[in-house]
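So the structure is just underneath, and the comments pick up after that.
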Amino acid sequence: MTKKREQQNETRALLDQHGIQMWSEEKIERFRATLLSWYDIEKRTLPWRISNDPYRIWVSEIMLQQTRVDTVIPYYLNFMEQFPTIKDLSQAHEDKLLKAWEGLGYYSRVRNMQKAAKQIMTDYEGEMPRDPKEIIKLSGIGPYTAGAIASMAFDLPEPAVDGNVMRVVSRLFEIEVDIAKPASRKIFEAVMREIIDPYKPGDFNQAFMDLGSSICTPKNYHPELSPIKEFNASYINETWANYPVKSKKKKAVPVYYDGFLIENEHGEFLLEKRPKEGLLANMWIFPLLEEQEKERENTIKLQKKLKEDYSIEIRLMEKSFSEVTHIFSHLKWTIAVYYGKLSCVEKVLPEKCQWVHPDNFNEYTFPGPQTKLWQSYLAYQNMQ
DNA sequence: AATGCGTGGCG
DNA sequence: TCGCCAAGCAT
């Protein structure tokens, strides 16, 4: 038995197991033609669609992970200008990379991408490997991105299953599995392997993305407007409101901080570099002290803590002048913001800390909460 | 498998 | 205001 036949038997078994009735070969071919002719007319012109260069496609796919197209475009143009080749990326300074990513979120993406660029330089002579099994070994590249690169850059009939594909396919075939579960991805890959166009796999995959973001949307969905409505079982059976099945996310856990804008006699503020792993790794932020409760410490206690943790002596204002909130995927920060004047110059700051003048803030990479803290201070100053 | 990891837009 | 989302991956 050939490998291909073996794989086909496996995918068929998976489909049977979940009660998914695969289309006839004739229907599959009609579907491909319908979808691709819609895509030919309606496809968006995007900066990463002007060539099949695997590097350009790779960068776009990493940026687009959990991120909207409109947000990505300016970052993408800037990034490609600063780091036009895999070699440039592999040799870049990490601070410069992080700065280019500032505001995009999920910052480990860019560190993983550089790690992968180095892997490509050493293991693949500076060229993206063509084999999906090799592509997926690269840092930061998972099943979706590997499939996207293989199909778009190398014309290989590989599925690229993301949220769009799961949503569209679950409606097409009335698939009941919960798309929030990691294990569900394999079901959708099996379907896509059956129906993907072997001649235009890249366009086929991208057509699902464009359809998913324009017509087959999560909300305000109008199946009657879809170019593939005649293939859509949930439309024909009027069950489309039930798909996709998706369990709820847990809500962000509240965390409370006091944040400190501490100014020295040169008009510089104390910044702290976050640890090299975890949330907002390697980014710069004003000192924060965590509170157990929403209840705030008094000024004396905070001054004492700051002396212990940062070996600085300050005159702190009596009350915080504002409150800043920031919601991450899994955390909700609430920060009471204080202003303080350095009263005593200490000999040794902690390694992670620096005094920085606001004129030079743009040389440092700030995460969202840090930007909000600074904005709240500027607004407070304008009130005075 | 479940959790950690950002941000901005929208109803 | 808040919940949900948008082209996922590492661990």
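Each chain gets a letter, A, B and so on, in the order the sequences are listed, and its residues count up from 1.
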Rounding to an integer number of Å, can you tell me how far [X] [atom1] sits from [N] [atom2]?
| X | N | atom1 | atom2 | answer |
| --- | --- | --- | --- | --- |
| Lys249(A) | dG3(C) | NZ | C1' | 10 Å |
| Lys332(A) | dC4(C) | NZ | C1' | 15 Å |
| Lys246(A) | dC4(C) | NZ | P | 10 Å |
| Asn112(A) | dC9(C) | CG | P | 11 Å |
| Leu138(A) | dA10(C) | CG | P | 10 Å |
| Lys248(A) | dG3(C) | NZ | P | 11 Å |

Q: Scan residues 144-153 of chain A against DNA chain C and write down, sorted by residue number, each residue with any heavy atom closer than 4.0 Å; if none is found, say none.
A: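 Correct list: Tyr144(A), Thr145(A).
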Could you check whether [X] gets within reach of a base, just the sugar-phosphate, or nothing at all, counting any heavy atom under 4.0 Å?
| X | result |
| --- | --- |
| Val69(A) | base |
| Arg49(A) | base |
| Trp48(A) | base |
| Ser139(A) | sugar-phosphate |

Q. Contacts to DNA chain B from residues 183-205 of chain A, heavy-atom cutoff under 4.0 Å, which residues?
A.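 Listed by number, they are Ala183(A).
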For [X], which residues count as a side-chain hydrogen bond (donor to acceptor under 3.5 Å, both in side chains) partner, sequence neighbours excluded?
| X | value |
| --- | --- |
| Ser184(A) | none |
| Gln303(A) | none |
| Glu29(A) | none |
| Gln206(A) | Arg49(A) |

Q.
Taking side chain to side chain donor-acceptor pair (under 3.5 Å) as the criterion, tell me which of Glu94(A), Glu277(A), Arg274(A) meets it with Asn282(A).
A.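 When Glu94(A), Glu277(A), Arg274(A) are each tested with Asn282(A), the side chain to side chain donor-acceptor pair (under 3.5 Å) holds only for Glu94(A).
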Q) How about Tyr338(A) and Phe260(A): are their ring centroids closer than 6.0 Å? A)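 That pair passes the under 6.0 Å test.
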Q. Any chance the rings of Phe83(A) and Phe79(A) have centres within less than 6.0 Å?
A.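 Ring-ring flag for Phe83(A)/Phe79(A): true, centres closer than 6.0 Å.
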N/O donor to acceptor pairs below 3.5 angstrom from side-chain atoms of residues 374-384 of chain A, sequence neighbours left out:
{"residue": "Ser376(A)", "atom": "OG", "partner": "Leu373(A)", "partner atom": "O", "Å": "2.8"}
{"residue": "Tyr377(A)", "atom": "OH", "partner": "Gln381(A)", "partner atom": "NE2", "Å": "3.2"}

Roughly how many Å apart are [M] and [N], using the [atom1] atom of each and rounding to a whole number?
| N | M | atom1 | result |
| --- | --- | --- | --- |
| dG6(B) | dC4(C) | C1' | 15 Å |
| dC5(B) | dA6(C) | P | 23 Å |
| dA1(B) | dC9(C) | P | 16 Å |

Q | Listed once per pair and sorted, the side chain to side chain donor-acceptor pair (under 3.5 Å) pairs that draw on residues 11-23 of chain A, sequence neighbours left out | A | Thr11(A)-Glu194(A), Arg12(A)-Glu194(A)
Q) Which residues pass the salt bridge (Lys or Arg N to Asp or Glu O under 4.0 Å) test with Glu272(A), sequence neighbours left out? A) Lys352(A)
Q. Quick one: what's the B/S/- string for nucleotides 3-9 of chain B, heavy-atom cutoff under 4.0 Å, read 5' to 3'?
A. SSBBBB-
Atom pairs and distances, side-chain donor-acceptor, residues 131-142 of chain A, under 3.5 Å, sequence neighbours left out:
{"residue": "Asp131(A)", "atom": "OD1", "partner": "Lys133(A)", "partner atom": "N", "Å": "2.8"}
{"residue": "Glu134(A)", "atom": "OE1", "partner": "Tyr124(A)", "partner atom": "OH", "Å": "2.6"}
{"residue": "Glu134(A)", "atom": "OE2", "partner": "Lys137(A)", "partner atom": "NZ", "Å": "3.2"}

Q) Quick one: on DNA chain C, does Ile141(A) or Ser60(A) contact a more 5' nucleotide (nearest heavy atom)? A) Ser60(A)
Q.
For Trp284(A), give me all partners under ring pair (Phe, Tyr, Trp, His ring centres under 6.0 Å), at least two apart in sequence or on another chain.
A. Tyr364(A)
